[in-house]
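We name chains A, B, ... by the order of the sequence lines, and we start the count at 1 in each one.
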Amino acid sequence: MEYNFSDIEKKWQHQWTVDGRYKVKTDPSRPKYYVLDMFPYPSGAGLHVGHPLGYIASDVYARFKRLKGFNVLHPMGYDAFGLPAEQYAIDHGIHPAVSTDANIRSFRKQYDNIGFCYDWDREVRTSDAKYYKWTQWIFLQLFKSWYDRRQGKAMPVEDLVGIFEKEGNLAHPCPGNTATRFTAAEWKGFDHRRQEEILMNYRLAYCGYGEVNWCEALGTVLANDEVINGVSERGGFPVVKKKLRQWYLRITDYADRLLEGLEKVDFSDSMKEMQSNWIGKSFGAEITFDVYAPDTTPAAPGAPPTSHVTGFAAHPPGDPSLATHTTRSGITPAPHRLTVYTTRPDTLFGVDFMVVAPEHELIEKITSAEQHTTVEEYIAYVKSRSERERMAEKKITGCFTGAYAVHPFTGLHIPIWISEYVLAGYGTGAIMAVPCGDERDFKFAQYFNIPITNIIGEHFNGTEANPTKEAKLENSGFLDGIVMKDAIVFMIEKLEQKGIGTRKVNYRMRDASFSRQRYWGEPFPIIWQDGIAIPLDEKELPLKLPHVEKYGPGPEGEGPLANVPAWTARHLETNTMPGYAGSSWYFLRYMDPHNDEVFCSRAASDYWGQVDLYIGGTEHAVGHLLYSRMWTKALYDLGLIGHDEPYKRLVNQGMIQGSSRFVYRLELKGTHQVEERIKKTPVFITYGIRNIEGEPEFHELVTLGVRNIFNEPSLELDSIAVSTLHVDVNIVDGSELDTEAFKKWRAEYANAQFMLEDGKYVCGTEVEKMSKSKFNTVNPDDLVNRYGADTFRMYEMFLGPVEQSKPWDTKGIEGVHRFLRKLWRLFFDENKGKIWTTEQATPAELKSLYKTIKKVEEDTERFSFNTGVSALMIGVNELTDLKCHKKEVLEKLIVILTPYAPHVAEELWQLIGNPGSILDAPYPKVEEKYLVETAKNYPIAINGKTRTELNIALDATQQQVEAMVLADETVKKWLEGNSPKKVIYVRNKMINVVI
RNA sequence: GCCCGGAUGGCGGAACUGGUAGACGCGUCAGACUCAAAAUCUGGUUAUCGCAAGGUAGUGCAGGUUCGAUUCCUGUUCCGGGCACCA
C-alpha cells in the first residue's frame, strides 16, 4: 500500500467540507482563540510560493490550538475594493465587480489545494453591500462623534452641542482651528450654517479644505502612507500637493493612545518602532518672538534715515550681517509675532537666525520693500519644484525677508529667513536656527554666510554642528554653566514666567485623508445641502454603489460618481472611501458575519475579543495597522465593543525571495556570416566559461567552441561579448540547465547551442525578489501536484523561521516528502501491506515518542515551526530505527503531526481504525516517567580540566549530583585545602567543579 | 545621515534563561540492493594533521568579563529592513 497523497488529499478536503468540520460557533462555555490572517487584495496575478507562507503558519497554529481544546476562529475574506481593479477596468473595460469576482475565484481555487481550515461560512468581502453597509455605518458613527480631550475619548457630537449651548467652546478648543473661540451666547447667535461649520471641525470623520497628495495619473488623492518618495505606492506615479476639499479621519487625536497602546500589545520591536516613528511624538516648547518689520512700502527718495529705532540692543562686535542691516533706514517697530517650535529651548542663546516655511502667513506682512522682489522670486521658485525634486536634490536654498525677531533675553535682533527646509505642516512652520547645534541650521548658516554663535565651547569645532545635550552652556546668560539637558526644563519655566513660551508636544502624524476621487470604493452616506453635510438616515444603508460604464474622473477633481445623474440629483457625496476603510474593522465582522441588525453583536465581540494572533506582512505597519487600531479605539469609546486594541499579538512573516538563474548568451562580432548564424543559432556558454571572461584563455576557448558548433575550423572572432539573461527557474535543476526544456521555452532558442562544463550547462545564480519578470517564481500548484499539499505545507514551514526572509529552493522539498513516505512506511509496507500492530510499546519506544511530543508541542506553541518539523523527522527516524510499528505509539505521533500535515494524518488515523476525525482528537499528554534516563559515566573536571569519571543517573537533580560529586573520594582529595565555588552539571557532557 | 535587525559548514538553518557548536534537511562522497537505472537503505561529510586512537583551530573582525561565550559587554566591518529636511 503506497502513500497516494493526491487521492488522500482530495478525499479529505472534500470530506471535511461536507462534514462542516471547520464551522465555528460562538460558544461561551469553551475557551476561545482567534487566529487571523491579513486578508488578501484579490489581484489578477497568480500566486507564487511566497504568498501562502503566512497562511500556512496561521493554519498550523489554528489547528494546533484546536487540538489543544480551544474554540478557534480562523476566518478568511477579501479586501476587494481598491485602485488596481479600477485601473484594470479603465484599461480593459471590464467592470471591477466582474474582475474582482473572477480573481477571488482563482484565489480560492489555488488556496483550497493547500488544505486550509478556514470557516468559509464567515467569509467577508469589503465590496459586498452587506459588508460595506456597516463600513458606512461606522463612518457615520465617526462623523457623529468628536474627541473630548479632557476625557481622552470619543463622545457623541450631540453632547458637544449641549456644551456649546452652556459654555461655548472655551474649555474645548477647536482642533481644526484654534483661533475659533466663542461663548455660549455667541454660539446661539451663529446661524445654522456657521454652527455646522464649527461642528465639522470637531468631528472624528470630517470634511476639510486642505493640502493633499494629489496623484494626477490616478486621478485621486492619497494618504501619506500611500506616497513613497514623492510617488504613488501603487504605480509609482508622481504626486503633487494640491488644495482640495477632502474627508479626513482625526487620527491625530488618538496619537497618544496609539502610542500607549503599543505597550500592551505583542508586536515586534521594529513594528512598534515604525509605528511610533510615524506618530513622531516630540517634546519641546513653543516660543514667541516679537518681530520688528521694516517699512513694507519703499521709502521716498531722499527721505532722512529714521533713527527712532528702540529696543535694539547693541550688536556684538564683528557681526557684519546685523551691522549692515541695522544701519539701513526704514525700520519701524511693527506689532507682529513669530512663534516657533523647538525641542531644544536650552539653545535659545545660540539662535543666529529664524527660518519660516515658504507658505508661512507672516511673510507677506513682514517682508521689507527692499527684499520684496527677492522673496517673491524665491517663493515662485519653491512652488515650481515638485515634492520629488525637493527630496531628491536637498539643495540649500532660502532668502532673507528683511525683518528681524527680537531675542527675548538679549534683545539682539535675529534675521528672519525663508527656506523650504522648514515645513509648513509641522510645528508652527517656523524655527529658531541654532547652527552650532543643528546640522541643517549649520549648513544653512555656512551657505549664506551667517555668523555663528557658539554656546557649547569646545564641543563645537566650527566645522560641524554638534547636537549634544551633555555640554555645559556658555554664552547663554542665566543658563551659563548648566548642562544642556537640565537647562531645557529650566528655560521652559523661565519662558512660561515671562509669558512668551509654553511647553508643547508635537506629532509628525497628520490626520488621515479619507476620500478618493474614484469609483471602486464605499460611497459616503452623506448628502450635501447648501454646503452642509447631512448624514444619510441609517435606515437607508447600505448606500449602494451605482453601476457605471465609464470610470473616468468627474469634473473639477471630483470622482466618477459625479458623472452619475441619479447620484448628483440627490446631492450625494461623489468621493468614495479609501482602500483601508473596509480593512479597518473586518476582524470584527468575522465574529458575526451575517448579522443584519448590527455590525457585530456585543455578545460575539465580547466572546471573541481581541485577535489573539494576527499574521501578515510588514508593509501595513503605518497604514492598515494604525487605522484599524484607531477604529477599534473609537468603537470602544462609543461603547460598541469591549476592547480597545484589535490585535493581541502580531507576527510578520518574512518574504520568500526568488532564487534567480542566469544563462549567458554570446554576442559575437566577426564576419557578417558569423553574426547571421548566431542569430539563427544562439550560443550559450556555461557559468564556468563566462566566469573566466577577461582571462586570456577565454577568447581561445570560446573561439574553439564556436568553431566546433558551426563546424568551421578556420573561423575567427573579432570580439566576444556576453549578455546575461534570466532563465525560468523551473527548467533548472539546482544550477544545471535542462537544455532540452530550454529550447522549448522560447521559440527563438529552439536551435540553441551550448558550451558546457563537465557535460553540464551550469547557470549563474542570485537571490532577488520573487517576480514574474525575473522568471524566478515557483507556482505552489505545481508543487502540490507533484508532492502533495502536506509536503508543501511542511516544507514551507521547514524553510526557516516564519518571521525571517529567505530564498526559495525547491530542491529541499524532497527531504520533507521522504519524511512523509517514511512515516507511511511505519504503518504500511509496499509488499506486506498493513504492518502496524496493537502490541504493547516498549519503554524505549515510548521514550522516543514522548521526547518527540514534548519538543513538537513546545516548538509549535512558540511558533518555531521549522524546528517543530525537524523534531517530527527525528521522531520518525528513531521509530524507524527501533522498528516500531505499534498503534499505541503511532496514533499519538500522527496527532502531533496533524497541524502540519492534516490530510495524511487523518487518513492514517482512519486506517488504523480510530473513530471520528483526527481534527477533534485530544493533543497527547507527555508521560514524563518515560523520559527518565539511565545512568551514565560522567567525566568530572576541575576548572574545566578532566580528571575522572563518575556514574550518575541522567535524571538526577542538580543537588543530587553535587552531593555525589563532593562525596567522591577522588574529588575530596582534589579539594583538600580548597572549597568548591560551584559544581556545574552539564547534561550528557561533564561535571565541572570550580575552585 | 538616523533608527532597528542580522552575520554559524558547499547551501537553508539548529543550539530554550552563558554549559563545552553545526540538530534537521538539501547537496556531496562511499557502500548495499539491481543486468542497469530509479526508488530505498547504511555510513562519512567544518577545516587541518594523523593509517589510526587522537590532536589543533573554529560561530564576520579586534578586544573584554567568566572555570566556561554563537549567547553578555566595548569597538569595528559588511549585509538586510525602516525613516529620511519633523526643528
Chemist: Which letters describe nucleotides 39-46 of chain B, given B = protein heavy atom under 4.0 Å from base, S = only from sugar-phosphate, - = neither?
Modeler: SSSS----
Chemist: Any salt bridge (charged side-chain N to carboxylate O under 4.0 Å, His left out) pairs touching residues 862-880 of chain A, not counting sequence neighbours?
Modeler: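 Listed once each, the pairs are A:Lys851-A:Glu878, A:Asp859-A:Arg862.
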Chemist: Can you list, in residue-number order, the parts of residues 432-439 of chain A that come under 4.0 Å of RNA chain B, counting heavy atoms only?
Modeler: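 Nucleic-acid contacts, sorted: none.
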Chemist: B:G81 P sits how many Å from A:Gln275 CD, rounded?
Modeler: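 Going from CD in A:Gln275 over to P in B:G81 covers 20 Å.
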Chemist: Pull out every protein N or O sitting under 3.5 Å from an N or O of nucleotides 28-34 of chain B, one pair per line with the distance.
Modeler:
none

Chemist: Can you list the residues that meet the side chain to side chain donor-acceptor pair (under 3.5 Å) rule with A:Ser513, with sequence neighbours excluded?
Modeler: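 Applying side chain to side chain donor-acceptor pair (under 3.5 Å) to A:Ser513 gives A:Arg516.
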Chemist: Select base, sugar-phosphate, or nothing to describe what A:Leu799 touches, counting heavy atoms under 4.0 Å on all strands.
Modeler: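 A:Leu799: backbone/sugar contact only, no base atoms under 4.0 Å.
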Chemist: When the P atoms of B:G18 and B:C41 are considered, how many whole Å apart are they?
Modeler: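 Those two atoms are separated by 40 Å.
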Chemist: Quick one: list whatever passes side-chain contact (heavy atoms from CB on, under 4.5 Å) with A:Asn277, sequence neighbours left out.
Modeler: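 For A:Asn277, the residues satisfying side-chain contact (heavy atoms from CB on, under 4.5 Å) (neighbours in sequence not counted) are A:Glu273.
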Chemist: Show every side-chain hydrogen bond (donor to acceptor under 3.5 Å, both in side chains) that has at least one partner inside residues 422-431 of chain A, sequence neighbours left out.
Modeler: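 Pairs touching residues 422-431 of chain A that pass the test: A:Ser282-A:Tyr426.
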Chemist: Just N and O in the side chain of A:Tyr421: are any of them under 4.0 Å from OP1 or OP2 of B:A87?
Modeler: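 No, outside the criterion.
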Chemist: Base, sugar-phosphate alone, or nothing: which one does A:Val422 contact when heavy atoms must sit under 4.0 Å apart?
Modeler: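 The answer is base, as A:Val422 lies within the cut-off (heavy atoms under 4.0 Å) of a base atom.
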Chemist: Give A:Thr618 one of three labels, base, sugar-phosphate or nothing, depending on what nucleic acid heavy atoms sit under 4.0 Å from its own.
Modeler: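 Nothing, no heavy atom under 4.0 Å.
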Chemist: Under the rule for side chain to side chain donor-acceptor pair (under 3.5 Å), what residues qualify as partners of A:His817, not counting sequence neighbours?
Modeler: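 With neighbours one apart ignored, the set is A:Arg821.
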Chemist: For A:Ser659, check side chain to side chain donor-acceptor pair (under 3.5 Å) against everything at least two apart and list the hits.
Modeler: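 A:Ser659 satisfies side chain to side chain donor-acceptor pair (under 3.5 Å) with A:Arg661 only.
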Chemist: Classify A:Asp441 by what it touches in the nucleic acid, base, sugar-phosphate, or nothing, heavy-atom distance under 4.0 Å.
Modeler: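 No contact.
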Chemist: Taking CG from A:Leu823 and C1' from B:G25, how many angstroms apart are they, rounded to a whole number?
Modeler: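 Between C1' of B:G25 and CG of A:Leu823: 16 Å.
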Chemist: Mind checking if A:Asn877 touches a base, just sugar-phosphate, or nothing, with heavy atoms under 4.0 Å?
Modeler: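 The residue A:Asn877 makes sugar-phosphate contact but no base contact.
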Chemist: Using nucleotides 5-10 of chain B, report all nitrogen or oxygen pairs with the protein that are shorter than 3.5 Å.
Modeler:
none

Chemist: Indicate the ring-plane relationship of A:Trp808 and A:Phe792, choosing parallel, tilted or perpendicular according to the 30° and 60° boundaries.
Modeler: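 Tilted, since the angle between the ring planes falls between 30° and 60°.
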Chemist: With sequence neighbours left out, what residues match A:Ala357 under side-chain contact (heavy atoms from CB on, under 4.5 Å)?
Modeler: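 Only A:Glu359, A:Val422, A:Ala424 meet the side-chain contact (heavy atoms from CB on, under 4.5 Å) criterion with A:Ala357.
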Chemist: If you look at every strand shown and take non-hydrogen atoms under 4.0 Å, does A:Glu858 touch a base, only sugar-phosphate, or nothing?
Modeler: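 It contacts nothing in the nucleic acid.
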Chemist: Tell me, please, which residues at least two apart from A:Glu803 pass side chain to side chain donor-acceptor pair (under 3.5 Å).
Modeler: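 Expected list: none.
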